Trainee: 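This is the structure I have questions about; it appears just below.
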Amino acid sequence: MEFILVGLSHQTAPVDIREQVFIPEAAVGECVRRLIDHDLIESGVLLSTCNRTELYAVTATPDAQDRLLESFGWWPHALPFAAWRRHAYQFTGDHAMTHLFRVASGLESMVIGEAQILGQIKGALARARAAGIVEVRLEIILHGAIRAGRRARNETELGRHPVSAGHAAVATAAQLLGDLAGRGVLLVGAGGMSKVALRLLRNQRIGPVYLTSRTLDRADRVARPLGGQAVEFEAIGDIVDDVDIILSSSNAPHHLFDKGAIEAFQSRRGGRRLLIIDMAVPRDIDPEVSGVSGVNLLNIDDLHTVAEANRERRTAWVPSAERIIEEELRKTRLALEARDSAPTIRALVDRVEGVAEAVLERHLARMPAADLKTRAAMRHLADALAANFLHGPIRALRESPDPALEASVMKDAFDLDRELS
């Protein structure tokens, strides 16, 4: 088995490239299935977000890693192959696993430590599982990455000071306008970025805050608890005179606002200054809007100034997350070895680690969230106890002259056929 990762991200491609290779959720299963049908991969998980489109896959074909990068023509996209080849990257083996674990931990994000990526990876795995395009070895790797991301949030300073692109957008608006007091805001899209922005804006002396989404009901469910007001998309023109800032982060596959629409808004507003921050990929705002008088249009890549300031401050917290990544990489490698050597070993490891994790989580729930040192010590103790307990049984399974008999004994002794509750 070879673990392969191929894709591009904000580190290698600007937003106008990334939006052309963004894969909508509805097309993910078909895309991966096509690669499987062409014998390029055995299973795959495809992650496509505003900042990255990456395929995580396993293959048994020796030349697959060379062919996979060239298979871009089978992906649903609008990017010429030469541009894809220029901006894309491909990793294999440990390099690929390390990259994935860093992504899940927020260390490869535009804003270091952002937590949204972990939920996006979980969602990508769930969709792959539902589509039947992920098998056990890839699940082991993805679960290891998710554990690393969860621990980075729970056991380091990165988790105590969560940030996201939504934080960067609000900070950028405050930086450019000097003061947000009394400013009216329109949020487009009811996803995670808008929720973060609403929470941040609620703590400032902001003017009216409106939120629009695909349906008024969805907009209302998000806006009302956070002090915002839902508005129909078709009725935006009626409230735009109250708006000084537009933060847009919808999942629309096309532009929601073209130059003509924003010119109409400016006419109603008397041409006064309008700041628009487009955080969506694909973009919600036609880039030509930047030519409208009085309008300052930024896209997600323009938030890099705030992101870089954040990076400098948060770099000191990265080594602790990297230590967690190394620990989880070792555990994942052992799990893969156990899976390949004997299914019984995998079941035994799952049972013991599952019991240890369940007991640990119950005790961590009683601990103060801020006591990172004690929480980390408890984690190390649980891992050490599980590893020491497993050492003898695993050695017995691997060295037994009758592995089948030994496996049968282990299954009965540890009740391995029963689901762990």
Side-chain angles (χ1 to χ4, degrees), residues 10 15-28 47-53 76 78 110-111 114 116-117 119-120 123-124 127 164-170 172-173 184-201 209-224 226 228-240 243-262 264-265 274-290 292 295-303:
H10 65 98
V15 64
D16 61 306
I17 297 294
R18 299 200 306 277
E19 67 183 356
Q20 293 183 70
V21 297
F22 179 84
I23 312 294
E25 286 184 13
V28 164
L47 175 70
S48 197
T49 72
C50 59
N51 278 329
R52 69 183 63 250
T53 293
M110 181 174 68
V111 183
E114 63 98 359
Q116 189 177 11
I117 186 64
Q120 291 167 334
R127 287 189 293 274
S164 68
H167 287 81
V170 173
T172 298
V185 180
L186 170 64
L187 300 169
V188 181
M193 289 189 187
S194 289
K195 292 175 184 176
V196 168
L198 271 168
R199 293 190 187 97
L200 294 172
L201 294 170
V209 179
Y210 302 99
L211 188 146
T212 187
S213 185
R214 284 171 292 181
T215 66
L216 185 63
D217 180 61
R218 173 170 168 75
D220 188 62
R221 287 199 308 272
V222 173
R224 187 188 297 272
L226 296 172
Q229 178 182 335
V231 60
E232 293 270 14
F233 184 80
E234 292 75 14
I236 290 175
D238 298 334
I239 55 92
V240 75
V243 170
D244 302 287
I245 305 166
I246 298 176
L247 304 179
S248 195
S249 58
S250 85
N251 290 322
H254 50 72
H255 294 148
L256 296 179
F257 302 97
D258 59 18
K259 186 175 182 181
I262 301 301
F265 287 175
L274 175 64
L275 173 62
I276 304 176
I277 301 180
D278 185 355
M279 297 178 286
V281 177
R283 284 173 288 183
D284 288 339
I285 318 294
D286 188 331
E288 291 188 3
V289 165
S290 61
V292 177
V295 172
N296 187 3
L297 172 64
L298 305 179
N299 61 48
I300 194 167
D301 286 356
D302 294 321
L303 304 182

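Residue numbers run from 1 in the order of the sequence given. Keep in mind that what you see is a predicted model, and the values were worked out from it rather than measured. Both backbone and side-chain heavy atoms feed into the values below; hydrogens, waters and symmetry mates do not.
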Trainee: Apply side chain to side chain donor-acceptor pair (under 3.5 Å) to Ser48 and list each qualifying residue two or more places apart in sequence or on a separate chain.
Mentor: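 Side chain to side chain donor-acceptor pair (under 3.5 Å) list for Ser48, sorted by chain: Thr53.
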
Trainee: Ala235: what forms a side chain to side chain contact (heavy atoms under 4.5 Å, CB included) with it, not counting sequence neighbours?
Mentor: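 Checked Ala235 against side chain to side chain contact (heavy atoms under 4.5 Å, CB included); matches are Val231, Glu232, Asp238.
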
Trainee: Report the distance from atom CG of Leu226 to atom CG of Leu198, rounding to the nearest 0.5 Å.
Mentor: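 Output value for this atom pair is 5.0 Å.
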
Trainee: Tell me every residue that passes side chain to side chain donor-acceptor pair (under 3.5 Å) with Ser248, counting only those two or more places apart in sequence or in another chain.
Mentor: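 Counting only residues at least two positions away or on another chain, Ser248 forms a side chain to side chain donor-acceptor pair (under 3.5 Å) with Asp284.
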
Trainee: Once salt bridge (Lys or Arg N to Asp or Glu O under 4.0 Å) is applied, do any residues pair with Glu288, and if so which ones, sequence neighbours excluded?
Mentor: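 In terms of salt bridge (Lys or Arg N to Asp or Glu O under 4.0 Å), with neighbours along the sequence ignored, Glu288 is linked to no residue.
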
Trainee: Just to verify, what does Glu19 make a side chain to side chain donor-acceptor pair (under 3.5 Å) with, not counting sequence neighbours?
Mentor: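 So Glu19 forms a side chain to side chain donor-acceptor pair (under 3.5 Å) with Arg283.
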
Trainee: So, using salt bridge (Lys or Arg N to Asp or Glu O under 4.0 Å) as the criterion, who are the partners of Arg214 when residues are at least two apart?
Mentor: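 If we apply the salt bridge (Lys or Arg N to Asp or Glu O under 4.0 Å) test to Arg214, skipping adjacent residues, there are no hits.
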
Trainee: Report the residues that fulfil side chain to side chain donor-acceptor pair (under 3.5 Å) with Arg18, sequence neighbours left out, ordered by chain and then residue number.
Mentor: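 Counting only residues at least two positions away or on another chain, Arg18 forms a side chain to side chain donor-acceptor pair (under 3.5 Å) with Asn51, Asp301.
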
Trainee: Name all residues meeting the salt bridge (Lys or Arg N to Asp or Glu O under 4.0 Å) criterion together with Arg224; count only those two or more places apart in sequence or in a different chain, and write none if there are none.
Mentor: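 Testing Arg224 for salt bridge (Lys or Arg N to Asp or Glu O under 4.0 Å), a comparison that skips the adjacent residues, returns Asp220.
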
Trainee: Working to the nearest 0.5 angstrom, can you tell me the gap between Ile300 CD1 and Met110 CE?
Mentor: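 One finds 4.5 Å between CD1 of Ile300 and CE of Met110.
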
Trainee: Among residues at least two apart in sequence or on other chains, which ones pass side chain to side chain contact (heavy atoms under 4.5 Å, CB included) with Val240?
Mentor: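 Partners of Val240 by the side chain to side chain contact (heavy atoms under 4.5 Å, CB included) criterion, ordered by chain and then number, come out as Phe265, Arg268, Arg269.
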
Trainee: List the residues meeting side chain to side chain contact (heavy atoms under 4.5 Å, CB included) with Ala173, not counting sequence neighbours, and say none if there are none.
Mentor: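 By the side chain to side chain contact (heavy atoms under 4.5 Å, CB included) rule, Ala173 matches Leu180, Ile245, Leu275, Ile277.
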
Trainee: For Ile262 and Phe257, which heavy atoms make the closest approach, and how far apart are they?
Mentor: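 Shortest heavy-atom contact: CD1-CB, 4.0 Å.
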
Trainee: Check side chain to side chain contact (heavy atoms under 4.5 Å, CB included) between Ser249 and all other residues, then give those that pass, not counting sequence neighbours.
Mentor: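 Side chain to side chain contact (heavy atoms under 4.5 Å, CB included) list for Ser249, sorted by chain: Met193, Ser194, Met279.
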
Trainee: Looking at every heavy atom in both Ala280 and Ser250, which two are closest together, and how far apart are they?
Mentor: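 Distance-wise, the nearest heavy atoms are CB-O, 3.6 Å.
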
Trainee: What pairs meet the side-chain hydrogen bond (donor to acceptor under 3.5 Å, both in side chains) rule with one or both residues in residues 251-261, with sequence neighbours excluded?
Mentor: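 Sorted pair list comes back empty.
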
Trainee: With a 4.5 Å limit on heavy-atom distance, are the side chains of Leu297 and Val292 in contact?
Mentor: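 Not in contact.
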
Trainee: Nearest heavy-atom pair of Thr49 and Gln120: which atoms, and what distance?
Mentor: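 Heavy atoms of Thr49 and Gln120 come nearest at CG2-OE1, 3.3 Å.
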
